[in-house]
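A short worksheet on the structure shown next.
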Amino acid sequence: RSSWGATLGGPLSPDRAFFFASVERLDTTSPATVAIAARPDLSGTEPQTTGRTLAFAKADLAASPRQHLSLSYRYDGRSQTNLGVGGGAAASYGYAQTTRSEGAVLTHQATVSGTAFNELRLTYLGWNQDSSPNSTLPGQQHPSYSLGGNPRFPQGGKELRVGISDVHSLQLGSHFV
């Protein structure tokens, strides 16, 4: 197992613009013991590896006393090998998987008046997962998809989400609308 990380942050412009960034990496290897009495040639120990990278960054800008911009980004990447291997499942029945997700948020906040406030938010989220079998030999292939979720081989795919929200707040006396 090995891990490392770093963070960095500070002002870009005193009292006006700031940034922060961090990254972390984790690598692990653990043994998966295969014991198949009828097939000793498939028995043994196989390494299961996982590598994961996490990152985050944010920048803030006070454009004026009444205008504020913020941009943030996050990343999560993971790769794994020999999943589903161990016990009575030989290495040829395992699979490797790569998963990546990332997202960003851009926010604009404005104080329109002493009693009115506006926040505009744009969001993005992307997700991608790919799984590949350890073997393509006949009798050891796994389908690229399955209805009902095959526990021996996971679903994969891509997903993209975007969003826009615009919130207006108004103070009326001691109440916000």
Side-chain angles (χ1 to χ4, degrees), residues 1-12 17-60 69-107 121-165:
R1 174 182 173 133
S2 68
S3 64
W4 58 268
T7 59
L8 179 65
L12 294 169
F18 302 89
F19 79 98
F20 174 80
S22 68
V23 65
E24 180 180 349
R25 176 71 184 181
L26 174 64
D27 294 300
T28 61
T29 301
S30 57
T33 303
V34 177
I36 304 172
R39 293 286 310 271
D41 59 314
L42 297 178
S43 298
T45 302
E46 299 291 331
Q48 288 181 323
T49 62
T50 299
R52 188 165 190 186
T53 303
L54 300 169
F56 177 79
K58 184 173 183 179
D60 286 310
L69 289 172
S70 177
L71 175 64
S72 65
Y73 172 81
R74 70 155 192 81
Y75 172 85
D76 184 352
R78 179 179 30 201
S79 62
Q80 298 170 287
T81 63
N82 286 326
L83 295 170
V85 174
S92 58
Y93 282 92
Y95 61 95
Q97 188 172 73
T98 303
T99 305
R100 175 184 172 161
S101 68
E102 60 184 340
V105 178
L106 175 63
T107 305
R121 183 173 290 206
L122 308 173
T123 59
Y124 156 82
L125 175 63
W127 180 82
N128 185 9
Q129 186 175 70
D130 181 43
S131 301
S132 57
N134 287 354
S135 175
T136 57
L137 295 175
Q140 296 182 353
Q141 283 189 336
H142 300 280
S144 59
Y145 67 92
S146 64
L147 297 175
N150 180 351
R152 300 291 303 146
F153 197 76
Q155 303 279 341
K158 294 181 181 183
E159 189 173 334
L160 174 65
R161 294 182 182 187
V162 293
I164 299 173
S165 67

What heavy-atom pair brings Arg74 and Leu125 nearest, and what distance separates the two atoms?
NH2-CD1, 3.3 Å
Looking at Ile164, I want to see if its CD1 is surrounded by more than 12 non-hydrogen atoms of other residues, nucleotides or ligands under 6.0 Å.
no
Atom pair NZ/CG of Lys158 and Asn128 - distance to nearest 0.5 Å:
5.0 Å
To the nearest 0.5 angstrom, please state how far the OG1 atom of Thr53 sits from the CZ atom of Arg78.
11.0 Å
Atom OG of Ser79 and atom CZ of Arg52: how far apart are they, to the nearest 0.5 Å?
11.0 Å
Compare all side-chain heavy atoms of Gln48 with those of Gln80 and state whether any distance is below 4.5 angstrom.
no
Would you say that Lys58 contacts Phe18 through its side chain, given a criterion of any heavy-atom pair below 4.5 Å between the two side chains?
no
Where do Phe19 and Leu12 come nearest, in terms of heavy atoms and distance?
CD2-CD2, 3.6 Å
Arg1 and Thr28: side chain donor to acceptor below 3.5 Å:
no
Please name the pair of heavy atoms, one in Trp127 and one in Gly157, separated by the smallest distance, quoted to 0.1 Å.
CZ3-O, 3.6 Å
Please report the closest heavy-atom contact between Asp60 and Ser70, naming both atoms and the distance.
OD1-OG, 2.9 Å
Arg25 with Asp27: basic N within carboxylate O range, under 4.0 Å:
yes
So how far is it from Ser22 OG to Leu8 CG, rounded to the nearest 0.5 Å?
10.0 Å
Shortest non-hydrogen contact between Pro47 and Asn82, atoms and distance
O-ND2, 2.6 Å
Thr49 versus Thr81, closest heavy-atom pair with distance:
OG1-OG1, 2.5 Å
